[in-house]
Amino acid sequence: MQLNPGKTLLEAIDKANSDLRDLSLKIHSHPELGYKEYYAHKTVTDFMAERGFHVTRHACDIETAFIAEYVHQGSNPVDSSPLRSVGFCSEYDALALGGSGDKVILGQGCGHNLICTAGVTAALGVKAAMEKHNIRGRVRLLGTPAEETLGGKRPMLERGAFDGLDACMMIHPGQFDVLYRQPLGVGRLEIEYRGKAAHASSSPWEGINALDAIAMAYNAIGQLRQQTLPTNRIHSIVTNGGQAANIIPELASMITQYRANKNDDLNKLHDQLVEIFEAAAEATGCTVTVEKTMEYMPLHNNSILSDRYGKYMTSMGVHYNSREVDETTPAGSTDMGNVTHALPGIHPVFNIASLEGVREPGLSTHSLLFAERAGTELAHKTMIRAAKALSLTGLDVLLDGEFTKQARDEFDKSKEQ
């Protein structure tokens with residue numbers, strides 16, 4: 001009888017389905033904010049260790065990051081050729097209102113319990129095929145915290161967690177099926193103006209109003225939007241507008257995020273915004289500090305990996321729009337973008353509300369409704385289907401050297417451009 005690693009992979013996932021559902025519900029019912037995902041970290045690392053993975057807890061000196069890896073030397077243990085290696089990413093942080101703060105409001109409003117379990121599912125499937133069929137290679141699951149805030153993948157990337165991988169992939173839940181999702185790059189600036197306090201009634205002329213600088217900068221950003229590309233985004237909040245109405249504000253602060261679908265455009269927006277903040281300081285007599293606290297790069301989809309994943313999904317009944325339509329569909333941002341500029345990767349979206357591709361009216365990520373849907377049996381079924389396709393694509397990275405080379409060649413060519 002002919003051996004079929006893909007069949008072994010799918011059977012292993014089906015066999016683990018109940019445990020995977022339980023894992024997803026545990027993460028869903030214990031929402032934790034970025035870099036505070038202590039329950040998720042312990043739960044997932046225990047789960048992987050129990051299933052034969054070598055687990056590094058608190059990886060890369062990040063308390064809630066982890067790496068779970070399985071290596072198989074194949075049928076020839078003295079083979080010294082390089083191991084082909086595939087990685088999957090799991091996310092597990094939850095959302096506060098607006099994506100920040102100390103209180104969890106939206107819970108799993110971005111469905112990270114499903115992302116987490118999808119990565120686990122894909123890794124388990126590949127490992128089962130490697131074991132049964134003596135497939136030489138490495139599968140690595142990366143537990144990446146704080147995607148919603150400062151981005152755990154960035155420091156993990158810098159500290160070597162992705163080193164040696166031929167490809168790294170993940171999937172994301174959504175309200176529709178998208179193969180070529182195009183998240184924008186994003187930067188985050190924290191701005192603080194300092195002026196001089198004075199009594200707002202008896203001697204306002206003695207003061208220097210830091211809130212005036214905020215107002216001037218905020219309005220100037222509104223004018224900049226008229227002259228920027230339609231693919232760009234800028235949004236701000238005021239985090240401190242003063243302490244009392246009868247005191248000229250000595251200190252005022254704001255946070256601004258800016259987004260673009262190309263790195264050059266992202267850098268241009270950054271420079272334009274810094275000029276605005278500095279001009280507002282000069283106009284009002286304040287001093288200003290501008291700190292860039294986060295930057296995610298635009299996502300670069302590897303078409304070789306994307307098309308293979310899409311082929312598997314299509315065979316399971318999923319229908320996609322054209323790439324041109326997908327890439328113009330509005331999207332947020334992700335630190336997976338940074339990963340896809342370091343090695344071949346993909347980040348497709350699966351519909352959690354329908355196995356037939358029907359969009360549920362009013363459903364969108366970062367909402368209480370989405371958090372509710374992310375815990376349903378239907379959402380789990382859609383995740384398992386997508387994770388199977390992801391796992392099969394990962395297995396191909398290990399089995400098919402020409403396929404893996406094509407993915408790398410496309411990545412290298414895109415870097416040159």
Side-chain angles (χ1 to χ4, degrees), residues 34 96-102 146 148-151 154-155 158 183-298 330 332-335 337-338 341:
L97 187 62
S100 62
D102 294 325
E148 295 291 354
T149 49
L150 300 178
R154 297 181 308 125
E158 294 165 359
L184 304 174
V186 60
R188 171 187 166 110
L189 299 175
E190 296 188 13
I191 305 96
E192 184 177 271
Y193 288 100
R194 287 194 174 272
K196 180 183 177 183
H199 196 289
S201 177
S202 64
S203 54
W205 52 86
E206 297 288 347
I208 299 175
N209 196 321
L211 182 57
D212 283 351
I214 291 281
M216 188 172 291
Y218 190 91
N219 285 315
I221 289 170
Q223 297 302 310
L224 174 63
R225 285 195 189 97
Q226 298 182 65
Q227 314 302 325
T228 192
L229 293 170
T231 48
N232 293 349
R233 301 287 187 272
I234 312 172
H235 24 269
S236 304
I237 59 169
V238 178
T239 53
N240 182 3
Q243 288 69 52
N246 61 349
I247 302 174
I248 299 297
E250 181 177 21
L251 176 67
S253 57
M254 64 188 294
I255 295 173
T256 292
Q257 289 188 338
Y258 54 98
R259 305 179 194 245
N261 63 0
K262 295 180 181 178
N263 279 325
D264 287 346
D265 295 334
L266 197 66
N267 293 332
K268 182 180 179 180
L269 272 182
H270 170 271
D271 294 345
Q272 290 174 314
L273 288 166
V274 170
E275 288 178 358
I276 284 175
F277 298 133
E278 292 176 345
E282 183 175 354
T284 56
C286 294
T287 60
V288 63
T289 59
V290 181
E291 180 183 6
K292 182 164 71 173
T293 56
M294 175 267 278
E295 187 170 82
Y296 296 172
M297 300 175 76
S333 304
T334 172
D335 55 354
N338 298 55
H341 284 263

**Report entry** Worked verdict on Ile221 versus Ile276 for side-chain contact (heavy atoms from CB on, under 4.5 Å)
**Finding:** CA-CA 7 Å; Ile221 289 170; Ile276 284 175; 4.3 Å; yes
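- Lys262 NZ to Leu229 CG: the interatomic distance, rounded to the nearest 0.5 Å, is 8.5 Å.
- With hydrogens and angles ignored, the 3.5 Å screen pairs a side-chain donor or acceptor of Thr239 with a backbone N or O of Ser253.
- For the pair Ala213 and Cys286, the tightest heavy-atom approach, listed with the atom from each and the gap, is CB-SG, 4.2 Å.
- Residues Ala200 and Ile247 share a closest heavy-atom pair of CB-N, 3.9 Å.
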**Report entry** Met294 vs Asp335, side-chain contact (heavy atoms from CB on, under 4.5 Å): CA-CA, chis, key distance, verdict
**Finding:** CA-CA 10 Å; Met294 175 267 278; Asp335 55 354; over 6 Å; no
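- Smallest separation of non-hydrogen atoms from Gly195 and Ala210: N-CB, 4.1 Å.
- Using a 4.5 Å heavy-atom cutoff, the side chains of Leu184 and Arg233 are in contact.
- The distance from atom OG1 of Thr256 to atom NZ of Lys292, rounded to the nearest 0.5 Å, is 14.0 Å.
- For Gln223 and Arg225, the side-chain atoms include no donor-acceptor pair closer than 3.5 Å.
- Rounding to the nearest 0.5 Å gives a distance of 12.5 Å between OH of Tyr258 and CG of Asp265.
- Judged by distance alone, the side chain of Asn338 and the main-chain N or O of Met297 form a donor-acceptor pair under 3.5 Å.
- Contact check for Leu273 versus Leu224: side-chain heavy atoms found under the 4.5 Å cut-off.
- Listed here is the closest heavy atom pair of Met216 and Thr284: CE-CG2, 4.2 Å.
- Once rounded to the nearest 0.5 Å, the distance linking CD1 of Ile255 with OG1 of Thr293 reads 7.0 Å.
- The minimum heavy-atom distance linking Arg259 with His235 is given by the pair NE-NE2, 3.0 Å.
- The aromatic rings of Tyr193 and Phe277 lie perpendicular to each other, with more than 60° between the two planes, well past the 30° mark.
- Side chains of Ile234 and Gln257 form no contact here, defined as non-hydrogen atoms less than 4.5 Å apart.
- Nearest heavy atoms, Asn209 versus Pro249: OD1-CD, 3.4 Å.
- Interatomic distance, CZ of Arg188 versus OG1 of Thr149, reported as 8.0 Å (0.5 Å rounding).
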Query raised in the report: Do Met254 and Ser236 pass the side-chain contact (heavy atoms from CB on, under 4.5 Å) test, and can you show the C-alpha distance, the side-chain angles, and the key distance before you say yes or no?
Result: CA-CA 7 Å; Met254 64 188 294; Ser236 304; 3.7 Å; yes
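- Of the possible polar contacts, none joining the Ser333 side chain to the Pro183 backbone as a donor-acceptor pair under 3.5 Å is found.
- No donor-acceptor distance shorter than 3.5 angstrom exists from the side chain of Tyr296 to the backbone of Gly187, with no hydrogens or angles considered.
- The shortest distance between side-chain heavy atoms of Val186 and Glu295 does not fall below 4.5 Å.
- Side chain of Asn232 to backbone of Thr228: no donor-acceptor contact under 3.5 angstrom is found.
- Under the 4.5 Å side-chain criterion, counting only non-hydrogen atoms from C-beta, His270 is in contact with Leu189.
- Side-chain contact annotation: Thr287 with Arg194, donor-acceptor N/O pair under 3.5 Å absent.
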